[in-house]
Amino acid sequence: MPETEKKKLFSAVQPSGAVTVGNYIGAIKNFAALQGEYDCIYAVADLHAITVRQEPAALRRNTLELMALFLACGIDPQKCILFVQSHVPAHCELTWVLNTVTYPGELSRMTQFKDKSAKHADNVNMGLMDYPVLMVADILLYQAALVPVGADQKQHLELTRDLAVRFNNRYGETFTVPDAYIPSGSGAKIMSLADPTRKMSKSDENPNAYITMSDDRDTIIRKCKRAVTDSGSEVRVSEEKPGISNLIAIYGAFTGKTAAETEREFEGKGYGDFKIAVGEAVADALAPVQAEKARLLKDKAYLNEIMRQGAENAARLARRTLSKVYRKVGFYRGE
Ligand code: TYM
């Protein structure tokens with residue numbers, strides 16, 4: 001990727017199972033959209049993924065699949081840096097230094113840490129607690145000004161800003177203090193189809209709670225038909241209608257229609273018709289992405305080459321920040 005004067009942007013997704021339409025709407029959809037305006041750096045966050053138990057063969061497979069999905073969603077490796085996090089050692093190296101300016105209390109009160117600790121009570125490991133610091137390192141290494149994420153990552157972005165400012169105050173200007181880029185409205189947090197008061201999550205035990213990016217047409221339509229909706233029959237966004245409001249958000253994300261346009265389109269029609277329309281819109285939009293992903297997965301040599309080049313370019317940028325950090329904290333560099 002040629003280096004330009006554009007501001008840098010960083011984001012990542014964990015290869016920890018199927019990617020959902022929540023991940024897509026909250027984050028990945030914006031990745032390609034922002035690549036003209038910023039110098040974008042996108043990672044497959046495999047170091048993050050092992051904070052909960054992964055089957056090694058599945059992790060390897062999911063890493064390749066996520067790489068292919070990024071490309072199929074329009075991320076252009078000529079314009080962006082696309083790489084696998086564990087291929088760039090600077091992420092772990094900066095995490096160590098940042099650990100020394102982080103307080104345990106800041107990490108133990110993170111909502112995601114508390115939720116995951118409750119969910120994986122048999123595996124509350126130090127990595128799970130340190131997860132946000134690794135995320136801070138991911139972002140600060142590239143001097144990113146903007147980080148596109150869903151609303152669930154807001155707290156981690158606040159920690160990123162806090163640690164950047166703290167380090168800069170202690171050691172002198174080193175890091176860019178980044179802003180989160182969270183979609184406005186309900187796209188920032190797509191809810192479970194089985195319980196619209198909870199976030200749609202790839203780790204939900206109930207597969208009907210989420211639509212994955214690789215679900216086939218029939219599965220998508222079936223899941224939409226089964227989606228838990230509210231009493232009444234009017235297709236309208238409302239706090240009393242979290243189920244229908246969530247489906248309106250999903251429909252809007254895949255058709256480009258505003259909530260008002262959707263409400264007008266389905267005036268006088270019931271939930272049943274609307275749910276089928278949502279399923280069809282999602283399936284229509286995902287079909288070309290799925291076809292492209294399948295094509296790319298057949299060309300492993302190409303994917304490996306993209307990863308290799310991406311890691312090389314990412315490592316070059318990361319090394320620059322890491323050298324600055326090592327100098328600032330007083331590590332003897334032999335000069
Ligand atoms: P991950 O893999 O859990 O999710 C990837 C992205 O999807 C967003 N997201 C959602 N958005 C809307 N509705 C939902 N239901 C929904 N579920 C997930 C997430 O907010 C995220 O943007 N820690 C990150 C990965 C990461 C990262 C980073 C992100 C590692 N290093 C540095 C930004 C910057 C994560 O767990 O994503």
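Treat the numbers as computed from the prediction; the structure is a model and nothing was measured. Indexing begins at 1, ligand by ligand and atom by atom, following the structure's order.
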Contact between ligand 1 and [X] is defined here as a heavy atom of the residue under 4.0 Å from a ligand atom; is it met?
| X | answer |
| --- | --- |
| Q85 | no |
| G187 | yes |
| I25 | no |

Rounded to the nearest 0.5 Å, what separation is found between the CD1 atom of I248 and the CD atom of E261?
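One finds 12.5 Å between CD1 of I248 and CD of E261.
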Find the distance between NZ (K225) and CD1 (I220) and round it off to the nearest 0.5 Å.
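K225 atom NZ to I220 atom CD1 measures 13.5 Å (nearest 0.5 Å).
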Before signing off on this row, confirm whether [X] and ligand 1 have an N or O atom pair separated by under 3.5 Å.
| X | answer |
| --- | --- |
| D152 | yes |
| A151 | no |
| V149 | no |
| K202 | yes |

Option set [options], criterion heavy-atom distance to [atom], minimum:
| atom | options | answer |
| --- | --- | --- |
| atom 23 (N) of ligand 1 | F31, Y142, Y131 | Y131 |
| atom 37 (O) of ligand 1 | Q153, M191, K199, H156 | Q153 |
| atom 5 (C) of ligand 1 | I41, L157, N23 | N23 |

Using atom types as modelled, flag every donor-acceptor pair under 3.5 Å from a side chain in residues 125-136 to any protein atom, sequence neighbours excluded.
from	atom 1	to	atom 2	distance (Å)
N125	OD1	G127	N	2.9
N125	OD1	L128	N	2.9
N125	ND2	T51	O	3.0
N125	ND2	N123	O	3.2
N125	ND2	N123	OD1	3.3
D130	OD2	N99	ND2	3.1
Y131	OH	Q14	NE2	2.9

Tell me: protein heavy atom nearest [atom], and distance?
| atom | result |
| --- | --- |
| atom 15 (N) of ligand 1 | I190 O, 2.8 Å |
| atom 31 (N) of ligand 1 | D138 OD2, 2.6 Å |
| atom 11 (N) of ligand 1 | G22 O, 3.2 Å |
| atom 28 (C) of ligand 1 | M135 CG, 3.3 Å |
| atom 29 (C) of ligand 1 | A12 O, 3.5 Å |

Membership question, hydrophobic clusters at under 4.5 Å side-chain separation (ILVMFWY): are F331 and F167 in the same one?
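Yes, F167 connects to F331 through the hydrophobic network.
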Is it the side chain, the backbone, both or neither of [X] that has a heavy atom closer than 4.0 Å to ligand 1?
| X | result |
| --- | --- |
| K189 | backbone |
| S201 | neither |
| I28 | neither |

Under 4.0 Å from a heavy atom of [X]: which atoms of ligand 1 are those, numbered in the order shown and with their elements?
| X | result |
| --- | --- |
| V13 | 2 (O), 5 (C) |
| A27 | 6 (C), 7 (O), 22 (O) |
| V147 | 33 (C), 34 (C) |
| Q14 | 2 (O), 3 (O), 35 (C), 36 (O) |
| A188 | 11 (N), 12 (C), 13 (N) |
| F10 | 32 (C), 34 (C) |
| G150 | 8 (C), 11 (N), 19 (C), 20 (O), 22 (O) |

Does either side chain, that of [X] or that of [Y], offer a donor lying less than 3.5 Å from an acceptor on the other one?
| X | Y | answer |
| --- | --- | --- |
| T229 | K275 | yes |
| K119 | S203 | yes |
| D46 | S86 | yes |
| S192 | D195 | no |
| D138 | Q85 | yes |

Compute the centroid of each ring, for F266 and then for Y271, and state whether the two points are separated by less than 6.0 Å.
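Between Y271 and F266, which both carry aromatic rings, the centre distance is not below 6.0 Å.
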Verdict with reasoning, D152 to K189, per salt bridge (Lys or Arg N to Asp or Glu O under 4.0 Å)
CA-CA 7 Å; D152 62 336; K189 194 174 181 191; over 6 Å; no
Please check: side-chain N/O of N246 versus main-chain N/O of P242, any donor-acceptor pairing under 3.5 Å?
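No: the side chain of N246 does not pair with the backbone of P242.
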Hydrophobic clusters join Ile, Leu, Val, Met, Phe, Trp and Tyr when side-chain heavy atoms are under 4.5 Å apart, directly or via other members; which others share one with V177?
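Via sub-4.5 Å side-chain contacts, V177 links to V165.
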Among F254, F70, F31, find the residue that satisfies the ring-ring contact (aromatic ring centres under 6.0 Å, His included) test when tested with Y24.
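So the option named by the test is F254.
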Quick test of your reading of the model: are R295 and E292 salt-bridged, counting only N-O distances below 4.0 Å?
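Looking at E292 together with R295, the answer is yes, because their closest N to O distance falls below 4.0 Å.
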